[in-house]
Protein chains: 2
Amino acid sequence: MTDDPNGPEALPAGGLLARGQGVALWRQIAQRLERDIASGVHAPGGRLPTEAELAGQYNVNRHTVRRAMEELEGRGLVRIEQGRGSFVAEDVVDYSLGPRTRFSEIIRRQNREPGGRILRVSEMAAETGLAEQLGIRRGRPVIVVERLSLADGRPLVLGTHHFPATRFGRLPDLLRADPSITAALTACGVPDYRRRVTRITARLPTPEEAELLQQSRNRPVLVTEAVNIDPAGEVVDVSTGRYAAGRAQLVVES
Amino acid sequence: MTDDPNGPEALPAGGLLARGQGVALWRQIAQRLERDIASGVHAPGGRLPTEAELAGQYNVNRHTVRRAMEELEGRGLVRIEQGRGSFVAEDVVDYSLGPRTRFSEIIRRQNREPGGRILRVSEMAAETGLAEQLGIRRGRPVIVVERLSLADGRPLVLGTHHFPATRFGRLPDLLRADPSITAALTACGVPDYRRRVTRITARLPTPEEAELLQQSRNRPVLVTEAVNIDPAGEVVDVSTGRYAAGRAQLVVES
DNA sequence: AGAGATTTGTTCGTATGTATT
DNA sequence: TAATACATACGAACAAATCTC
């Protein structure tokens with residue numbers, strides 16, 4: 001018989017793992033947890049057993065459970081919080097990447113409250129690549145603006161914008177009064193602009209990015225690099241956005 | 001003095017780490033390696049010191065070095081290969097997401113050789129969400145095609161396509177003769193189609209995805225979900241693509 | 001082709017730090 | 001303050017993939 005010879009408080013059927021076969025224990029555990037989440041054994045938002053409990057159930061070291069949990073967190077299935085526990089993941093925001101992409105409009109359209117703050121404004125000389133994209137000469141000054149944008153108070157995007165300083169010198173002052181970049185551009189005589197091209201990649205965040213986005217280091221960020229132009233075709237800015245991949249989904253309509 | 005009192009073959013300036021401060025050792029190591037890669041100390045494609053060597057240089061356990069390396073791999077800076085070593089990362093393919101997205105055309109435009117093979121063709125009943133997107137009734141049969149697409153022999157995208165079986169029943173036979181989906185569709189009377197909407201997210205790959213894409217588990221995949229329609233506006237297929245994020249960059253032009 | 005060395009991958013055990021309750 | 005739960009770090013051993021001779 002394969003029955004567990006334990007007393008009444010038998011194990012929650014952790015079940016035996018195939019040891020010494022080709023499959024690492026942590027993978028098997030991740031797989032089972034994934035199945036249990038998909039099948040609803042662990043409901044969305046619900047709490048998962050602690051690492052120690054899982055280690056006990058599967059009869060492995062806690063490290064082995066941790067490896068499995070890290071995997072699931074990276075795949076977006078669970079959220080791990082130090083000192084609190086681990087939880088099954090939820091909810092995503094659709095972020096439309098049309099030519100006219102305005103953060104607050106997009107967020108409001110999804111019945112969420114947009115927000116944001118300027119983290120840093122600085123000035124530097126344009127190096128070759130950036131100068132070319134901005135259509136200015138190398139070494140000319142550019143204004144660099146870092147902004148964290150929120151939806152319902154949760155960090156969603158971390159943006160770094162590069163503006164030619166000659167045209168947008170007033171930007172730093174304007175942003176101090178109102179953190180909306182769109183509003184600041186309007187005040188600079190650019191009532192409208194549109195996205196010309198967007199390049200999208202994904203990678204794990206740097207520690208700072210993870211911190212600012214309040215997201216796990218094991219969770220990827222979507223990285224967009226966009227060039228915005230005004231109606232005259234002049235380049236307004238070159239910007240990089242880092243989206244918490246678990247909370248945002250980019251949408252491209254053709 | 002803070003000089004190292006060792007002999008001529010002094011340490012490669014591993015330098016001392018700040019122990020017991022707020023910053024984890026593995027983060028400090030990752031940061032230094034990142035700096036060394038950025039500054040060209042380790043050239044792209046070049047080999048990094050072995051884990052054991054780094055552990056020696058920084059005077060930490062090998063696990064600590066491994067944690068740092070995993071971080072860098074996930075961020076796309078290095079590539080780790082079991083039994084071989086670790087290397088500084090390189091090269092990326094631009095994958096344009098226009099309305100007319102054709103794998104082979106995109107790849108050839110970048111002077112690379114497109115390729116691919118059909119992994120699996122099966123039939124199943126459409127569940128609610130899929131049926132709605134395909135514009136058919138729930139439970140009607142759909143053909144599921146899994147295809148691995150390559151550029152210069154390297155896996156780039158793993159695609160799962162869902163076609164309504166009533167209209168595209170001949171697809172399985174056609175794909176057996178030629179793995180090109182575009183060609184098969186043409187043979188089914190769909191000489192042209194275009195992408196209506198694409199949703200993009202990122203996550204870590206499942207073990208199978210990592211295996212098929214020949215990519216590390218710590219490296220994210222870009223996930224696209226697209227709906228293709230024919231000139232009459234009829235839905236041709238709903239497909240999911242998983243791109244090796246280290247080798248591809250999605251480009252959206254507006 | 002095979003044997004041994006090298007290098008990364010997995011697992012255990014143990015100890016201590018940090019955040020939350 | 002104490003207990004709980006996740007995070008970091010060390011040491012040891014063996015497995016798996018690769019390379020070299």
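Residue numbers start from 1 in every chain, and the chains themselves are labelled A, B, ... in the order their sequence lines are given, proteins ahead of strands.
- The side chain of A/I80 lies closest to D/dA7, out of C/dT14, D/dA7, C/dG9.
- Atom CZ of A/R79 and atom C1' of C/dA19 are 16 Å apart (whole Å).
- Proximity note for A/R66 (side chain, C-beta onward) versus C/dC12, C/dT10, D/dC6: the nearest is D/dC6.
- Evaluation of atom-type donor-acceptor distances gives no pair under 3.5 Å for the side chain of A/H63 against the base of D/dT8.
- Rounded to an integer number of Å, the gap from B/N59 CG to D/dG11 C1' is 14 Å.
- Applying the 6.0 Å contact sphere to CD of A/E211 captures no more than 12 heavy atoms from other residues, nucleotides or ligands.
- As rounded to whole Å, 12 Å separates atom P of D/dC6 from atom CD of A/E73.
- The nearest whole Å value for the distance from the CD atom in B/E53 to the C1' atom in C/dA5 is 14 Å.
- For the pair A/L25 CG and D/dA13 C1', the computed distance is 15 Å after rounding to whole Å.
- Comparing D/dC10, D/dA7, D/dC19 by their nearest atom to the side chain of B/R84 picks out D/dC19.
- Listed candidates were C/dT11, D/dT18, C/dT8. Nearest to the side chain of A/W26 is C/dT11.
- Between A/T50 and D/dT4 there is no side-chain polar atom (N or O) within less than 4.0 angstrom of OP1 or OP2.
- Looking at heavy-atom distances under 4.0 Å, B/R67 makes no contact with the nucleic acid at all.
- Spacing between atom CG of B/N218 and atom P of C/dT8 amounts to 14 Å, rounded to whole angstrom units.
- Under the 30°/60° scheme for interplanar angles, the aromatic rings of B/Y95 and B/Y243 are found to stand perpendicular.
- In this structure, CG of B/L48 is placed 13 Å from C1' of C/dT7, rounded to the nearest angstrom.
- Using a 4.0 Å cut-off between charged nitrogen and carboxylate oxygen, B/E209 and B/R203 count as a salt-bridge pair.
- Not one side-chain nitrogen or oxygen of B/R62 sits closer than 4.0 Å to the OP1 or OP2 atom of D/dA13.
- For A/T64, the listed nucleotide lying nearest its side chain is C/dT11; candidates were C/dT8, C/dG13, C/dT11.
- Take the nearest nucleotide of DNA chain C for B/P49 and for A/G83: the residue whose nucleotide is more 5' is B/P49.
- In the displayed structure, A/Q31 atom CD is contacted under 6.0 Å by at most 12 heavy atoms of other residues, nucleotides or ligands.
- Between B/S149 and B/L156, the closest side-chain pair of non-hydrogen atoms is not below 4.5 Å.
- Close to D/dA9, at under 4.0 Å from its OP1 or OP2, lies no side-chain N or O of B/N61.
- Contact annotation: side chain of B/E51 to base of C/dT7, donor-acceptor pair absent below 3.5 Å.
- If you take CD of B/Q214 and C1' of D/dA17, they are 14 Å apart, rounded to a whole angstrom.
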